[in-house]
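Numbered from 1 within each chain, the chains take letters A, B, ... in sequence-line order.
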2 protein chains.
Amino acid sequence: MNDILPKKPSRIQTRNRRLILDAALEVFSRDGYGGATLDAIAKGAGLSKPNLLYYFDGKTEIYVTLLSQLLETWLDPLIELDAKGDPVEELLNYVRHKLDMALELPLESKLFAGEILQGAPRITAHLTDDLKPLFDRKCKVIQTWIDAGHLAQIDPAHLIFSIWSTTQHYADFGAQTSVLLGTEDPAKRAHAHLEQMFRKLLQPVNQ
Amino acid sequence: MNDILPKKPSRIQTRNRRLILDAALEVFSRDGYGGATLDAIAKGAGLSKPNLLYYFDGKTEIYVTLLSQLLETWLDPLIELDAKGDPVEELLNYVRHKLDMALELPLESKLFAGEILQGAPRITAHLTDDLKPLFDRKCKVIQTWIDAGHLAQIDPAHLIFSIWSTTQHYADFGAQTSVLLGTEDPAKRAHAHLEQMFRKLLQPVNQ
DNA sequence: TCGTTGCTTTACCATTTGGTAAAATTTAGA
DNA sequence: TCTAAATTTTACCAAATGGTAAAGCAACGA
């Protein structure tokens with residue numbers, strides 16, 4: 001009947017695929033796609049290399065699986081941006097959420113950044129199919145808020161870029177910030193700073 | 001007498017080292033350190049691989065040379081931040097300068113970003129020796145401006161982070177922005193947006 | 001308890017990669 | 001022009017890397 005039988009994965013399968021993806025995240029985010037090796041991933045997962053390849057078809061498949069899963073988590077907070085909420089608070093909440101994710105999931109942020117840096121050769125489809133439509137939708141929501149006078153006159157697209165860049169900076173450039181801030185915890189003032197910055201930017205002038 | 005005789009490089013040496021570094025910038029920024037190969041660099045430079053290695057001691061030396069040279073150019077605009085100038089205009093000018101660099105030298109920006117992403121394993125010394133002292137000095141300048149009431153109350157370090165992240169985003173995440181903006185030129189509105197954002201942020205409230 | 005399926009290991013292999021030795025060639029200066 | 005130094009080419013190589021074949025082992029339902 002059904003050519004494609006999904007066949008729920010066994011306990012061993014679930015566990016090992018998880019082990020592999022966890023190890024792969026560490027290796028890919030640290031060494032980049034080109035610098036990562038199956039041996040390093042296998043070692044990290046506590047499996048042999050051929051055993052790895054029993055669960056995934058190859059290096060690329062592991063990498064793409066990781067990116068796809070990650071992209072979903074990554075877009076979640078943007079999806080939640082609610083047209084019916086208070087504009088300034090909705091956006092500030094998005095900033096907070098995004099910063100928390102960067103601070104808590106730096107490896108994921110770095111993996112994504114690394115892929116985009118190299119021209120997104122392996123996830124361009126995801127970007128155009130999933131990210132772009134969502135992005136366009138949310139830009140329109142923001143534009144509506146602006147037109148209603150509830151937000152300052154801002155370019156919605158570039159506003160989103162600024163939110164992404166400032167928040168992800170604390171993950172992607174963590175090696176730099178930790179050198180520059182010394183013992184000080186970056187997270188400490190990051191929240192306050194971004195809240196201050198975006199509140200000033202977003203607050204409409206003649207309200 | 002002098003154990004180290006600098007010996008000015010020949011015309012051929014100057015030309016070929018230039019060719020190699022240009023090709024290497026392209027390859028390293030596209031494929032990352034781990035994904036880059038000497039063969040690809042040699043091909044890009046129009047030289048044979050052993051010929052490459054006549055000019056540089058190895059892959060790492062090419063990469064580090066590139067990063068060191070880049071870091072100098074990169075820090076220039078920050079050095080120019082003048083304590084005696086008008087605070088808001090000095091900082092906005094820095095933002096402009098930094099954005100121009102990102103738009104005109106995206107490969108350099110990506111190379112640097114890639115290195116930091118991976119934990120800056122090959123330039124930590126540069127960061128602590130060159131960048132950190134400069135960073136600390138400029139933070140103090142900004143703090144002085146704030147104390148004098150010429151700037152809004154801002155965390156100087158995080159202000160600089162925000163300037164870096166928002167400007168470099170247009171280079172490092174160019175693959176993403178070009179998908180999201182479609183045919184529209186990112187540079188077009190980027191300048192206006194960042195000017196607006198940072199002017200609002202920096203302007204002291206009770207002046 | 002038997003056999004089928006799922007999982008793991010051992011033993012490989014072709015290619016790529018960073019790098020070298022040394023001969024051959026070009027260039028620059030006397 | 002001649003020669004010494006600088007540059008380039010040819011021919012390699014050892015290690016690493018992504019991946020495969022097939023045998024061995026474990027799990028599990030009938």
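Residues from residues 51-60 of chain A lying near DNA chain C, meaning a heavy-atom separation below 4.0 Å, are A/Asn51, A/Tyr54, A/Tyr55 in numerical order. Within residues 27-42 of chain B, no residue places a heavy atom under 4.0 Å from DNA chain D.
A salt bridge links B/Asp136 to B/Lys132: one of the charged nitrogens lies within less than 4.0 Å of a carboxylate oxygen. Taking the charged nitrogens against the carboxylate oxygens, B/Asp22 and B/Arg18 do have a contact shorter than 4.0 Å, which makes a salt bridge.
B/Gln176 contributes no side-chain N or O that, together with a main-chain N or O of A/Ala113, makes up a donor-acceptor pair within less than 3.5 Å. In this structure a side-chain-to-backbone donor-acceptor pair under 3.5 Å is present from A/Lys138 to A/Ile79. No donor-acceptor distance shorter than 3.5 angstrom exists from the side chain of A/His97 to the backbone of A/Pro77, with no hydrogens or angles considered.
For the pair B/Lys110 and B/Phe28, the cation does not sit on the ring face, since its NZ or CZ is not both under 6.0 Å from the ring centre and inside 45° of the axis.
Using modelled atom types and a 3.5 Å distance limit, the side chains of A/Glu115 and A/Tyr63 yield a donor-acceptor pair. Side-chain contact of A/Ser165 with B/Tyr170: a donor-acceptor pair under 3.5 Å is absent, judged by distance alone.
Nearest-nucleotide positions on DNA chain C place B/Lys49 closer to the 5' end than the other of B/Lys49 and B/Ile12.
Between D/dT8 and B/Ser48, no contact under 4.0 Å exists linking OP1 or OP2 to a side-chain N or O. Note on B/Asn16: a side-chain N or O is less than 4.0 Å away from OP1 or OP2 of D/dT8. Regarding contacts with the backbone of D/dA6, every side-chain N or O of B/Gln13 stays at 4.0 angstrom or more from both OP1 and OP2.
Atom CZ of B/Arg11 and atom P of C/dT27 are 10 Å apart (whole Å). When rounded to the nearest whole Å, the span between CD of A/Glu61 and P of D/dG19 equals 10 Å.
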